[in-house]
Amino acid sequence: MPEPEPAGEVRGVPVPERGAWLRRGISRDGGPLVEDPGTEVVWLQAGSYYADSRGFAGTTTFDGSRVRFHHLTGEPGDDTGTLRRDGENLVEWGTNPDGSTFLEIWTPLPGADGATGSWSGPDHHAVRVGRHVVHVDSRAGTYWRL
């Protein structure tokens, strides 16, 4: 069972400037930590730009405590969360645009060294971190390992 979001003022950490992350589990609205079999959720971060294989991409901002994921492509809305380190993993507590809450465990992916960049155009956004690429458009997010 995941830990609940800490009470009181929580000082989170900013998103890494560069990272390729695999989601190891999610808890929705305080439920059990699970991951759907056969589901691979990847989040790539290149500077302030990110792409999530679930089908949204954009920019991140940090207010000194919480991270906001601004959805500029794909699924509309913004997510706001607090990140903390747990060894090499990141633990994220947050709130979805519909008010539901989540806790996600993110593990770094190997092969994140090398070229990094972010590209966008009308109705699409792609982020590359090393051997990992996530492309998002209005229909879906797609993850490739080069």
Side-chain angles (χ1 to χ4, degrees), residues 1-75 77-120 124-137 140-146:
M1 184 75 162
E3 298 175 30
E5 184 169 0
E9 185 175 335
V10 177
R11 303 295 298 174
V13 298
V15 295
E17 283 286 315
R18 166 197 183 99
W21 303 89
L22 176 67
R23 188 175 74 188
R24 290 295 184 195
I26 183 169
S27 166
R28 292 180 174 88
D29 294 318
L33 188 66
V34 297
E35 189 61 62
D36 299 327
T39 300
E40 184 175 56
V41 176
V42 173
W43 155 39
L44 301 181
Q45 187 77 34
S48 64
Y49 296 96
Y50 78 93
D52 188 302
S53 65
R54 290 173 284 185
F56 49 93
T59 60
T60 56
T61 56
F62 181 64
D63 68 8
S65 179
R66 298 174 63 81
V67 174
R68 175 170 247 156
F69 292 86
H70 305 275
H71 298 204
L72 303 177
T73 304
E75 183 181 306
D78 290 354
D79 299 312
T80 302
T82 302
L83 294 173
R84 73 168 167 83
R85 292 228 173 245
D86 182 17
E88 66 178 10
N89 296 334
L90 283 174
V91 178
E92 178 186 5
W93 287 279
T95 305
N96 293 307
D98 66 3
S100 62
T101 62
F102 63 89
L103 179 149
E104 293 175 297
I105 309 296
W106 297 95
T107 299
L109 284 165
D113 297 333
T116 298
S118 174
W119 302 267
S120 62
H124 72 276
H125 193 100
V127 173
R128 177 180 181 181
V129 177
R131 298 179 61 192
H132 308 280
V133 177
V134 171
H135 176 270
V136 174
D137 59 33
T142 306
Y143 165 65
W144 293 283
R145 183 177 172 107
L146 305 175

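All figures in this text were calculated on a predicted structure; none of them were measured in a lab.
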Subject >> Gln45 vs Val129 side-chain heavy atoms within contact, under 4.5 Å >> reply: no
Pairs of donor and acceptor atoms involving the side chains of residues 108-117, under 3.5 Å and at least two apart or interchain, shall be tabulated with distances.
from: Thr116; atom 1: OG1; to: Arg18; atom 2: NH1; distance (Å): 2.4
from: Thr116; atom 1: OG1; to: Arg18; atom 2: NH2; distance (Å): 3.2
from: Thr116; atom 1: OG1; to: Gly114; atom 2: O; distance (Å): 3.4

**OP:** For the residue pair Thr80 and Val67, establish whether any side-chain heavy-atom pair is separated by less than 4.5 Å.
**Re:** no
Subject >> Results of salt bridge (Lys or Arg N to Asp or Glu O under 4.0 Å) for Arg54 - residues two or more places apart only >> reply: Asp52, Glu104
Subject >> Asp79 vs Phe56 side-chain heavy atoms within contact, under 4.5 Å >> reply: yes
Original post:
Which pair of non-hydrogen atoms, one from Trp144 and one from His135, has the smallest distance, and what is that distance?
Top reply: CZ3-CB, 3.4 Å
**OP:** For the residue pair Leu44 and Arg128, establish whether any side-chain heavy-atom pair is separated by less than 4.5 Å.
**Re:** no
Subject >> Qualifying residues under ring pair (Phe, Tyr, Trp, His ring centres under 6.0 Å), relative to Phe102, sequence neighbours excluded >> reply: none
**OP:** Can you sort out the partners of Arg68 under salt bridge (Lys or Arg N to Asp or Glu O under 4.0 Å), two or more places apart, ordered by chain and number?
**Re:** Asp78
Original post:
Do Ser118 and His125 come close enough that some side-chain heavy atom pair is under 4.5 Å?
Top reply: yes
Subject >> Exam field: side chain Asn96 to backbone Thr101, donor-acceptor pair closer than 3.5 Å >> reply: no
Original post:
Considering all heavy atoms of both residues, which atom of Gly12 and which atom of Thr82 are nearest to each other, and what is their separation?
Top reply: CA-CG2, 3.6 Å
**OP:** Sequence neighbours left out, what passes ring pair (Phe, Tyr, Trp, His ring centres under 6.0 Å) with Tyr50? Give chain and number order.
**Re:** Phe69
Original post:
For Trp21, which residues count as a side-chain hydrogen bond (donor to acceptor under 3.5 Å, both in side chains) partner, sequence neighbours excluded?
Top reply: none
Subject >> Note, Val91 side chain near Leu83 side chain (heavy atom, < 4.5 Å) >> reply: no
Original post:
Where the side chain of Ser27 meets the backbone of Gly31, is there a donor-acceptor pair that is under 3.5 Å apart?
Top reply: yes
**OP:** Look only at the side chain of His70 and the backbone of Thr60, and say whether a donor-acceptor pair between them is shorter than 3.5 Å.
**Re:** no
